[in-house]
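Just so we're clear, the structure is a prediction, and the values are computed from it rather than from any experiment.
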Amino acid sequence: MVTSSAPGKVYLFGEHAVVYGEPAVPCAIERRARVTVEERPEGVRVHAGDLTLDGFTVEYDGDAAGRPDVDVPDSLIEAGVGYVNEAIAQARDAVGDETAGFDVTVDSQIPLGAGIGSSAAVVVAAIDAATRELGVELSREELAERAYQVEYTVQDGQASRADTFCSTVGGAVRVEGDDCRTLPAPDLPFVIGYDGGAGDTGALVAGVRNLKETYDFAADTVAAIGDIVRSGERALADGDVAELGRLMDFNHGLLEALGVSSRSLDAMVWAARDAGALGAKLTGAGGGGCIVALDETAETATALEYTPGCQEAFRAELDTDGVRVEAG
Ligand code: PMV
């Protein structure tokens, strides 16, 4: 039996603009998905204890054809089973045993579909644990590549390498097209506010594309986000956390101009700023989900807890480990 865990992520800078070739800087956060895998004679049995759902157990033969009889929305079951199923397919392929059977237990502290990388963390940890259970240790490059292939398949080709790379290697990373690398970074005191919702990534990306094709200001805004990312890389290298906060504020303003913020995201961003955060912005596709702020004190998390529209607020340091073995 092997347990591996992998971190979620926030975008410090650059979501949406990264779709048009600008760089982006996601950062791994100390908020993890843990996946335990034990070999069994055949088939795959999945138990998900805490995916912000009531616990459910799914037993299937490897192609997700058998519909599980559980009391949660079909779309969540399909998504959850799809990611685990493809992760198991990658693990089987990596060890050269197409019929290996597994008991898989997923335990995640990362809200689903909220822009902080829950699916990538589950997939990275699942491939790592399943391959180790069969005695194979993948390099981080291969693990990140296989996890990306899972997201690419399940999300019908709508996946960037940002989440899976960041979750595998940890720390601050820079993504530009297919080029992914790690960046040196100081300790970053992240505070995350979650509105309990989720945006529709496909629709939000399509909306920005439309705006960019219709208005020059939107194309200029995307380019301006690229400039902020490049300034952010310099601030990271200098360890200048105050400057990072200022740039996050600018980045949020530009995302708002592109129409991807929401009332609850803006309310949380302003609550964080009023509480003395160094900066705050939405993270991920937007429309709902999470904001990220920088604050070493407890003020921002406390203010967010009292902000209407905020369902949960928590601190999360920058994770520097990436995927790791917890037991086994
Ligand atoms: O919400 P997330 O974590 O899936 O991030 C989406 C980021 C976008 O830049 C909007 C889209 C993408 O694939 O890069």
Side-chain angles (χ1 to χ4, degrees), residues 5-13 15 25-34 50-52 107-118 120-121 163 166-167 170-172 185-199 232 235-236 239-253 255-256 260-321:
S5 74
K9 65 102 209 352
V10 291
Y11 273 93
L12 195 54
F13 307 111
E15 55 274 86
V25 178
C27 294
I29 54 170
E30 248 317 326
R31 188 89 176 187
R32 290 182 164 257
R34 287 161 173 270
D50 181 15
L51 287 168
T52 67
D107 188 2
S108 176
Q109 311 168 311
I110 309 167
L112 279 181
I116 58 171
S118 62
D163 285 24
C166 190
S167 187
D187 280 349
L188 294 171
F190 293 123
V191 182
I192 288 147
Y194 172 44
D195 70 4
L236 266 179
D240 188 345
V241 183
E243 174 70 355
L244 288 172
R246 277 190 290 276
L247 294 166
M248 288 167 72
D249 283 341
F250 299 149
N251 196 161
H252 182 77
L255 288 166
E256 204 182 349
V260 298
S261 193
S262 72
R263 189 181 287 267
S264 56
L265 293 174
D266 286 343
M268 292 191 287
V269 161
W270 278 105
R273 291 174 182 165
D274 288 347
L278 296 173
K281 63 182 279 295
L282 68 83
T283 172
C290 289
I291 65 127
V292 55
L294 290 180
D295 189 356
E296 270 167 13
T297 77
E299 300 288 319
T300 295
T302 305
L304 285 170
E305 273 160 22
Y306 289 98
T307 302
C310 178
Q311 189 181 93
E312 196 189 340
F314 54 90
R315 301 186 60 88
E317 302 299 319
L318 178 72
D319 166 78
T320 50
D321 284 356

Practice problem: Please list all pairs passing the salt bridge (Lys or Arg N to Asp or Glu O under 4.0 Å) test where one or both residues lie in residues 281-310, with sequence neighbours left out. | Solution: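 Of all non-adjacent pairs touching residues 281-310, those that pass salt bridge (Lys or Arg N to Asp or Glu O under 4.0 Å) are Glu15-Lys281.
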Exercise. Provide the full list of salt bridge (Lys or Arg N to Asp or Glu O under 4.0 Å) pairs with a residue in residues 190-199, sequence neighbours left out, each pair given once.
Key: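 Residue pairs passing salt bridge (Lys or Arg N to Asp or Glu O under 4.0 Å), neighbours aside: none found.
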Determine whether a donor-acceptor pair (N or O, by modelled atom type, separation under 3.5 Å) exists between the side chain of [X] and the backbone of [Y].
X      : Y      : value
Gln109 : Arg32  : yes
Arg315 : Thr297 : yes
Ser167 : Asp163 : no

If I compare all heavy atoms of [X] with all of [Y], which pair ends up nearest, and what's the gap?
X      : Y      : result
Ala275 : Ala303 : CB-CB, 3.6 Å
Ser5   : Arg34  : CB-CG, 3.9 Å
Gly171 : Cys166 : O-SG, 4.0 Å
Ala121 : Ile110 : CB-CD1, 3.6 Å
Ala316 : Ile29  : CB-CB, 4.0 Å
Leu318 : Ala172 : CD1-N, 4.1 Å

Atom [atom1] in [X], atom [atom2] in [Y]: separation rounded to 0.5 Å?
X      : Y      : atom1 : atom2 : answer
Met248 : Leu255 : CE    : CG    : 11.0 Å
Cys290 : Gln311 : SG    : CD    : 10.0 Å
Thr283 : Leu265 : OG1   : CG    : 10.0 Å
Cys27  : Leu236 : SG    : CG    : 6.5 Å
Asp266 : Glu256 : CG    : CD    : 4.0 Å
Ile116 : Phe190 : CD1   : CZ    : 11.5 Å

Quiz prompt | Residue pair Leu304 / Thr300, side-chain heavy-atom distance below 4.5 Å | solution =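 In contact.
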Quiz item: Within a strict 4.5 Å, meaning less than it, do heavy atoms of the Leu188 and Leu12 side chains meet?
Solution: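 Yes, at least one pair of side-chain atoms sits under 4.5 Å.
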Practice problem: Please name all residues satisfying side-chain hydrogen bond (donor to acceptor under 3.5 Å, both in side chains) with Arg273, sequence neighbours left out, ordered by chain then number. | Solution: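 side-chain hydrogen bond (donor to acceptor under 3.5 Å, both in side chains) check on Arg273 returns Asp249.
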Quiz prompt | Within 6.0 angstrom of Asp187 CG, more than 12 heavy atoms from elsewhere | solution =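 Atom CG in Asp187 is not packed in, count stays at 12 or less.
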